[in-house]
Each structure stands twice: as C-alpha cells, then as structure tokens.
Number of protein chains: 4
Amino acid sequence: MRERQILDAAVQVFAEHGFHQASMDEISDAAGISKPMIYTYLGAKDELFVACIRREAGRLIEAIGEAVDENLRTDEQLWRGLRAFFEYVNDNRASWTVLHRQANIQGEPFSGELAEWRDRAVALIAALLTRATAATEQPVQTEQMEPFAAALVGAGESMLDWWIDHPEHTADGLSRRLMNLMWLGFGDMVQGNRWKPPS
Amino acid sequence: MRERQILDAAVQVFAEHGFHQASMDEISDAAGISKPMIYTYLGAKDELFVACIRREAGRLIEAIGEAVDENLRTDEQLWRGLRAFFEYVNDNRASWTVLHRQANIQGEPFSGELAEWRDRAVALIAALLTRATAATEQPVQTEQMEPFAAALVGAGESMLDWWIDHPEHTADGLSRRLMNLMWLGFGDMVQGNRWKPPS
Amino acid sequence: MRERQILDAAVQVFAEHGFHQASMDEISDAAGISKPMIYTYLGAKDELFVACIRREAGRLIEAIGEAVDENLRTDEQLWRGLRAFFEYVNDNRASWTVLHRQANIQGEPFSGELAEWRDRAVALIAALLTRATAATEQPVQTEQMEPFAAALVGAGESMLDWWIDHPEHTADGLSRRLMNLMWLGFGDMVQGNRWKPPS
Amino acid sequence: MRERQILDAAVQVFAEHGFHQASMDEISDAAGISKPMIYTYLGAKDELFVACIRREAGRLIEAIGEAVDENLRTDEQLWRGLRAFFEYVNDNRASWTVLHRQANIQGEPFSGELAEWRDRAVALIAALLTRATAATEQPVQTEQMEPFAAALVGAGESMLDWWIDHPEHTADGLSRRLMNLMWLGFGDMVQGNRWKPPS
DNA sequence: CATGAATGAGCCTTCATTCAT
DNA sequence: TATGAATGAAGGCTCATTCAT
C-alpha cells in the first residue's frame, strides 16, 4: 500500500539523518512517491514523523507482547520480554534509532508522542512486577513500583546503545546480564533485604 | 564574564526549544548580547552547542566527583555519586535536558561530542565496579563490567526522566531505590548467584 | 523560457549595481520569479554571474563572427568585426557593462571566466593579423602579434567607454577611426617602416 | 605619517582581494593601526578607497609627467610618457591593480572617481596630439582627437594586462611596439592617408 | 489521482561602523 | 588620542508546503 511505502522510506531516512536533517525531498525520493502524495496520505512533516513513531513503537510492543505468555512465571515473562526487545531492536536498527535517538527530543511538536508510549511500557512492567509481589509478605503498590520499572526500561535502552558499539555480544547474553542485575536485586528487595546508606 | 552570560542563555534556550528550533536571535536576546558577539566568543551555532555540552557535562562530572571520596567503600562511593547525580540534575534541569534530550541525536555535527562523555562515565563506573570485585573470589574484568555500567547509567537517566513527572519523590529516595535494585543484584552476582532462564 | 527570464534580469541588475551590490532579492524581483527558482535553475550567485558572462560573451562573439566573412580581405574582415563589435555593444549596453566593468575584477570567484574569453578573442585577432602578413616579405609569427592584438582589443574597449559619454558619434565613425589608426600603423609596420626612438 | 601607513596597507589589501572582499579588519591589521583611527583619518571604506585611487593615480600621472619634457618633439614626449607608464606599472603592480581592476567598476559609490582621472589623462594626450598637428596642413581640433587618445590609453592598458601574463617582454620593447602601431598610424592619418571601407 | 514546478518565510552569518574606556 | 569591544542591518541560501496540470 502507499502508506507503507512512505512510512518505510520515512523511517529509513529519519533514522539516518535525524528529523531535522531529513528533507521531505529525500523521503519522497526514497519512497518513489511524489511529495504532494505524502502530504495527502500522511500530512505534514511532524505528522509523518508521529506516524513513524506510532507504527514502530506499535511493532516493538507487539513483538514483545507476542513473546510473553501471561501464564508464565513473572521472571520468565520478564526474561522473554527482554530478549524479544533485544532481538527486535537488533533486527530493526532503523526503527529503534528513530524511536530512541530522534523522537526523544524535547521542544519538538512531536515530543509528547514518544513519552506516551514510554509511559505505557513503564506502566505495563510496573503492573507485572507488582503482580509478582502480590503473593509475598510485602506486597508493593503499583505506584511504588514505577520508578523501578522506569529504571529497568532505561537500563535496557542504555545497554542497547552500548551494544551497538559492541556487536560481538548476543541478544541472549545481554538479556541474561540484565536479568541477573535487575531480578536478583528485585528479588532481594522483595524479600526485605535492603541496602542501607552508612549512617 | 561574557562567555558565561552567553552559555547560560544558550543552555536555557537549547533546553527549551531544542538545537534546531532554537534560533541564534533568541539566544542573543536571552543573553542580552548581540549576535555578533556570540560568534566572536563562541563561534557558529554548532560550536556554541558543543561548548554548552562541554560545560554542562563538565559541571555534572565535577559535581559527582566532589561527592565521591575514593577512600570510601565502593557501595558508598556509588551511592554518593548517584545521589549527587540526582541532586545536580534536579537543580539544573536545563543543563540535563541539553545533555540528555538534545545532544543525544544522531546525524548531527555534534553527535560525537556527547557520546565521548557518556563513554567516559561508563568507563569510570565500570572501573569502580571492577575494583569492588577485585578482592572477591570471582574477580571480573573491566570489559565484562561495561554492559552493567551502561545499564546503571541508563537506569539512572531513565529514573530521572520519570522523576520529572513525579516530583514528589526526593533525590535521596530515588538514589536509594536505585542502589537497592542495582547493588543488591550486583552483590548477588558477585557472590555467584545467578538467575537462570527456565530450560 | 525560465532561464532566459532570469538571465535577462540578472544581466540587467548586475550591470546596474555590480556583482556585490546586486542582491538576489533584486534579481528575483526584476525577473518576476521567486528566489528559489533562481537557485534551482542557475545555482548560487557566483554561478549565476558566470552564466551571465558566458551567455553575453557568447552572444558578442557570435555577433562579430556573423559579421565577418572569412573570404574577404583581412582589412575588411577586421573592419566588419570592429563595426559589429561597436554596434553590438551600442545595442546591448548592459551586456557589455557586465562583461567589461563587472567581470574584470580580480580576486573574485569568477575572475578567471572572463580572462578566458578575452584570451580567446586576442588569439583570434592575432591569428587574423598573422595571416595578413603571411604573403608579405616580412611574415610575423603569431606570438609576436599577440601584443598588437591585445592593444587593438584594448583600444576598442576604451573607445567604447569614451563613446558612452559622447553618444553623438556613430558606430561606423568610430570603427573607421580605429581602423585608420591601427590598420595604417599596422600596414606601415608590415612594410618595414619603424618608428625609432631618438638615440 | 599615519595616513601614509594606512594608505599603503589599503592599496595592498584592495589590490589583493578587491574592494568588496577586502575587510576593514584586514586593512587595519595590515596597517598596524586600529580601525577607529582609520575612520578618523580617512573616513568610511568608500572614502578610503577613493583616497587610494587619488594617491595612486596622482603618483602615476606624476611619474609620467616627470618623464616628459615639454620641449621635446611630440613623438618623443609620447614615447617617454608611454615608457614611464609601463615602467611605473611594472614597479607598482598593486597600485595599478587597484586603479585598473578594482576602481573601474560601475555602480559603486566611487565609480566616478577613476573616470575623472581617466578623462583628464585622455584630455592631456588629446591636447598633445592636437598640438602635433597644429603646424600641419590639416590641423585637427581637440575634440576630434579625443577618441584617438582614448584608444591610445586603452591600448596601453590592455597591453599591460597582456604583459602580466608574458613578463619576458620589457617595458622598452612594449612601449616601442605601441609607438609603432599608433604613431605610424597617426602620422599617416595626419598626412591625409585614410583607410577606406570597400564601397 | 499524481506530479512537476513554484514560493513564502526564516535562519545563519558577516561586516562596516561606532561607543566607552 | 587610540583602541578593544559591541552592534545594526542586510544578504545568501534552504526547505516545508502548495498550485496547476
């Protein structure tokens, strides 16, 4: 379909040059479709970029969602989600670049768009972790869990950036490292272990 | 001093509107200094932005460096560093926005600049963690530690972003949360505990 | 055609204000075409100016070439060429101003362009004069003839400038004057007459 | 004196870069004198350039004037004047470049200045030539002589330009060539010889 | 429906020129 | 007097956006 062609090209070009350096001319060339059509189908540059974010974020979420089976144990859900995340990004570098490196800019007309998706992801993970503690002696409320979830998401993103410069590692290996770091710490916490600042 | 006035205004404006949307006119207005002076003192827009990054990154690193005493235990060093980080960013929102949300864009002339600072930070933390394991039964090499350090940095950044929308939390509280998450997990790992994916 | 409109306006404006004082805005206004079109069709200001030089120089050369019949006697060829030159310039004042008064500036990006055309013209005339002496007792080599040709060209240019302030003269009259001066002197020289400095 | 330093530097810089490309900064650097002083002594850029033209044109005229002895025969006066002209320009390339290649631009504020000097020179030569015919059977009026004088001046200028690219020639040789061309032709004309266009 | 052609608006950058010391 | 420091004003160039075909 027309829209698909355009979005494919746009994601490619935005990822390569960034939102501002990317020109509508280049996108229309890459898509093999004239500029007026782009405006007709997807609106102005801002809106086009938002459409890119929506599609790519949706695909990422979907990929993760498919990997996770809600009937599994929490840690395994998390583990599978993480691995799916790493794998998806590894396979869709342009997609990720657009989402993480270009859409994350403040002060742009599209600033809010990505924030929403991020919030949604954080909320999902927070809920997941919360459920994991529900049966324990120290259940935690979802709001309390959000900063952890945010940390987890950020840790993942950051590892990914690092991965780009160290491609000798595997998605599996990195996912495992992150699980080790986060899940063990998380488990300790749930069990009431606390790190305490020296008084 | 003139340079200071200009950089202060530039950081402010860049943080608010982003590099591309920010116009030299607006910066010069905000600085109360005419445009030609900006060019005289700090060069073209690119260079001005790089100067902003350098100064703000330097200040942040310095603030953290001052908070950390090398004679302390590793965990305490980390904790103090984290808390200094959160506090600094809380007090210097614009500074952080410039560094994190504006400079992190790919495909720009200044792209490399921030990457260097990040790499340096990651390397420092990796070294710190490595030293912490030196005396244990399972010492870890620095290269192995880097992904953890990257994860830690990212987790912090991400928590910060979350904090912006939930300002009721304190720097101390968030630092502690992050320490709990990371340090406990890290400690477990060092002791040989591992999370294993279900076969 | 669009290119023609633009070049016409550009020649006009460049002739009136000079290369530097002429603004692209003024040219686009004069052409009745928006600035971006100028850049699309003919490139940046430098390139536009070079295009003007090329077209105008080409036209001038062509006008002269059409007036000259290679089967005629040398003096008549020269005579016709001169008259065509004067007539063309009289009819295309702006064209000539651009070529002679604006393009002749040293240190500009387009400096070389006009020099080439001039050299070509001088070489042509030198060859013409050389052929005229080929059958005489004292044939002259082309290189020896070049300074004369240069002098002839300069004499013509200078007369033209003078003409601008004394428009009561005719192209025919001035051409004849110049022929008298140059051709008689030239003829004398060919016949071995020499003016000798008093010892 | 201050003025001299400034003018020396200005001529140098104007000759090298042209009027527009030359910046007041560069001139003040070359002169070793601060910009405000230049404005105090010689006024704005236009006026400074006019001052350059005046001085250099004056010097050139003076050099020629000194070479010519009014008691000599007309042809010898002319010959000495020519030779002085070629020699002066050869020794003062920058001076000549400013006068011929930079000041000769139309549409500039200083356009008129050089024209005056040129007119004066042409008038002088015309008067000289006129006097030479006064005693002959066909005396010529000064106004009739002006186009010839203009042609002579232009021929000289043009030969000079040509000389720059062919420095193996000498001032003496070129002067002689030009005398041959012009004086013989002139002499013929005075004696009533005419070149006639084929009817 | 699809596009080549066209433009309005804006931004970076540079200098000639002048204060304040 | 002499100057370092400062600026107003203007120009080249680009690009998102839209007609007319």
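Numbered from 1 within each chain, the chains take letters A, B, ... in sequence-line order.
- Using a 30° and 60° split on the angle between ring planes, A/Phe110 and A/Phe19 fall in the perpendicular class, above 60°.
- Across all strands shown, the partner of E/dA20 is F/dT3, judged by Watson-Crick or G-U wobble contacts whose two distances both fall under 3.5 Å.
- Shown here, F/dA10 forms a base pair with E/dT13; the pair counts as Watson-Crick or G-U wobble because both key distances fall under 3.5 Å.
- Counting only heavy atoms from C-beta on, D/Lys45 has its side chain closest to E/dA16 among E/dT7, E/dA16, F/dA16.
- Side-chain to base pairing of C/Lys35 with F/dT14: no donor and acceptor N or O lie closer than 3.5 Å to each other.
- Distances shown here put every side-chain N or O of D/Arg2 at or beyond 4.0 Å from the OP1 or OP2 atom of F/dT1.
- A straight line from OH of D/Tyr39 to P of E/dC19 spans 13 Å, rounded to a whole angstrom.
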Pair A/His20-B/Glu108, side chain to side chain donor-acceptor pair (under 3.5 Å): steps then yes or no: CA-CA 9 Å; A/His20 276 100; B/Glu108 300 291 345; 5.6 Å; no

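- The side chain of C/Tyr41 places no N or O atom within less than 4.0 Å of a non-bridging phosphate oxygen (OP1 or OP2) of E/dA5.
- Atom CG in D/Asp25 sits roughly 11 Å away from atom C1' in E/dT17 (whole-Å rounding).
- Residue contacts shown for C/Met24 are limited to sugar-phosphate atoms, with no base heavy atom under 4.0 Å away.
- Protein atom CG of C/Leu48 is 16 Å distant from nucleotide atom P of F/dG11, rounded to whole Å.
- When the nearest nucleotides of DNA chain F are assigned to B/Gly32 and D/Pro36 by heavy-atom distance, the more 5′-ward of the two goes with D/Pro36.
- Under 4.0 Å is where a charged nitrogen must lie from a carboxylate oxygen, and between D/Arg55 and D/Asp8 at least one such pair does.
- Judged by distance alone, with hydrogens and angles left aside, the side-chain atoms of B/Glu16 form no donor-acceptor pair with the main-chain N or O of B/Val13 at under 3.5 Å.
- Rounded to an integer number of Å, the gap from C/Phe49 CZ to F/dG12 P is 13 Å.
- Taking only side-chain atoms of C/Ser34, from C-beta outward, the nucleotide of E/dA6, E/dT14, F/dA6 with the closest atom is E/dA6.
- With rounding to whole Å, D/Leu42 atom CG is found 13 Å from F/dA2 atom P.
- Rounded to whole Å, atom P of F/dT18 lies 13 Å from atom CE of A/Met37.
- When the options B/Met24, B/Lys45, B/Glu3 are evaluated for a side chain to side chain contact (heavy atoms under 4.5 Å, CB included) with B/Ile38, the one that passes is B/Met24.
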